[in-house]
Amino acid sequence: MLKTAIFGNGIISELVKSYIDGKYNPTAKKAGGEEMQVLCFAGLNSSESATSVPMITVEQLFYELKTGGIQILIIPKENALGQFSFGWVLPMQGISLENVYFADRVSKMNTEDETEILDYFTPFLDTKYLGYLEYHLADHCNLNCKACEHYSSLVPGEVFTEYDKFEKDFTKFHEFIDDIGLVRILGGEPLLNKDINKYMVLTRKLYPNARIHVVTNGLKLLSMGDDFYQTMKENNIEIHISYYPPMKDTMSKVEAFLKEKNIPYFLSPLNTQFGKKQLLKPQNDDDTIAAFYNCVQKTCNNFYDGKVAACFLPFTTKYFNQYFDKDLPEDGAIDIYQLGLTTHALKEQLLLPFLRCRYCSVETEMIPWDVVHEPSTLDDWIRS
Ligand code: SF4
Ligand code: SF4
């Protein structure tokens, strides 16, 4: 019996345990495979709900995985949504990803097909699942903040994603990743793209189980047409408003408007400060690795122009280089059309630092939020 832990401590974990006990183990035994014994659930807060097996903390989970007290970690897809990734955390703890498996969606539990039952658990790197993916509808923005992480304030003119090419590329990407926890449609400012409804419909069609957010600064929300809000509702899409000082006087009106339209939304806290962590000179190897593993943005997997990367900088650094005549690396992107690419190779590469990370400091300098005053200077972007 493989000593097994399930990540998460709610109803989903209980359902996965019941599936293992009632369906997977009898099928595995019949097929001559090894059964699983679920010893515990593991979660961020061990005092949460009562469970059918003991709850342990994440720290205890790491210890048990390292010492062999637990041999297999099962992560239900529903418990892996978002930007927290085991892909970095576990190897940093000295735990091989070969011991980690995804459990498919609860909706797939009903099958009586023995092959499908045995395939319900799939290795972490081979599973066509990402917890998080984002993509741009426009590289430019109507707010132009200093130190905008995506360099939207440095984009010359209007740069929109082109729908027909995106549809072809995203459909190709689906061959490698067919399920995502959270998709964020953003930019720049995504509401500037007049084809936004088409992107929302396509994303829902390709990823029926994903949570989908449109991330906006909110400036255009009051003037979007009814067709936009109708498409959001029909495709179960939520709005995420990143709240900046210019919206202070109108945000209550925007909130009332969205409530009246019955549109689910999330409002961030008011951003009065921005962080700068960019350097002009490369760091050494140790600092680069530390910068990558401590970097929140490495979980912002970004899809752009037929390529995917750990974060957005492989795609947007060109705007910084063009504006200031610099040559920071623009590497780190994986071309989804490259011959021989597999899901395993793609997901493995997303976990590795790349040259551009040499220019991201571990330490962030906070500055008051402001817009860029033309012409922008290096001081708007570079950490002192
Ligand atoms: S609103 Fe967001 S995308 Fe636009 S410039 Fe500011 S930080 Fe960048
Ligand atoms: S380039 Fe590397 S260190 Fe910089 S934000 Fe992206 S993932 Fe993080």
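These values consider heavy atoms only, across backbone and side chains, with no hydrogens, waters or symmetry-generated copies. As the structure lists them, so they are numbered: ligands from 1, and atoms in each ligand from 1.
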Undergrad: Compute the centroid of each ring, for Tyr120 and then for Tyr101, and state whether the two points are separated by less than 6.0 Å.
TA: no

Undergrad: Would you mind running through ligand 2 and noting each atom that sits below 4.0 Å from a heavy atom of Phe354?
TA: 1 (S), 2 (Fe)

Undergrad: Would you please say whether a donor-acceptor pair under 3.5 Å links the side chains of Tyr319 and Asp139?
TA: yes

Undergrad: From Tyr132 OH over to Leu182 CG, what is the distance, rounded to the nearest 0.5 angstrom?
TA: 6.5 Å

Undergrad: For distances below 2.8 Å, what is the count of protein N, O or S atoms around atom 8 (Fe) of ligand 2?
TA: 1

Undergrad: Counting non-hydrogen protein atoms only, what is the nearest one to atom 2 (Fe) of ligand 1? Give residue, atom name and distance.
TA: Tyr244 OH, 3.8 Å

Undergrad: Over 60° means perpendicular and under 30° means parallel, so classify the ring planes of Phe166 and Phe303, tilted if in between.
TA: perpendicular

Undergrad: Closer than 4.0 angstrom, basic N to acidic O: yes or no for Glu175 and Lys128?
TA: no

Undergrad: May I ask you to list the protein N, O or S atoms found at less than 2.8 Å from atom 8 (Fe) of ligand 1?
TA: Cys148 SG

Undergrad: Can you say whether the rings of Phe292 and Phe354 are parallel (under 30°), tilted (30 to 60°) or perpendicular (over 60°)?
TA: perpendicular

Undergrad: Near Phe274, which atoms of ligand 1 are under 4.0 Å from a heavy atom of that residue?
TA: 7 (S)

Undergrad: Hydrogens and angles aside, do Glu365 and Ser384 bring a side-chain donor and acceptor to less than 3.5 Å of each other?
TA: yes

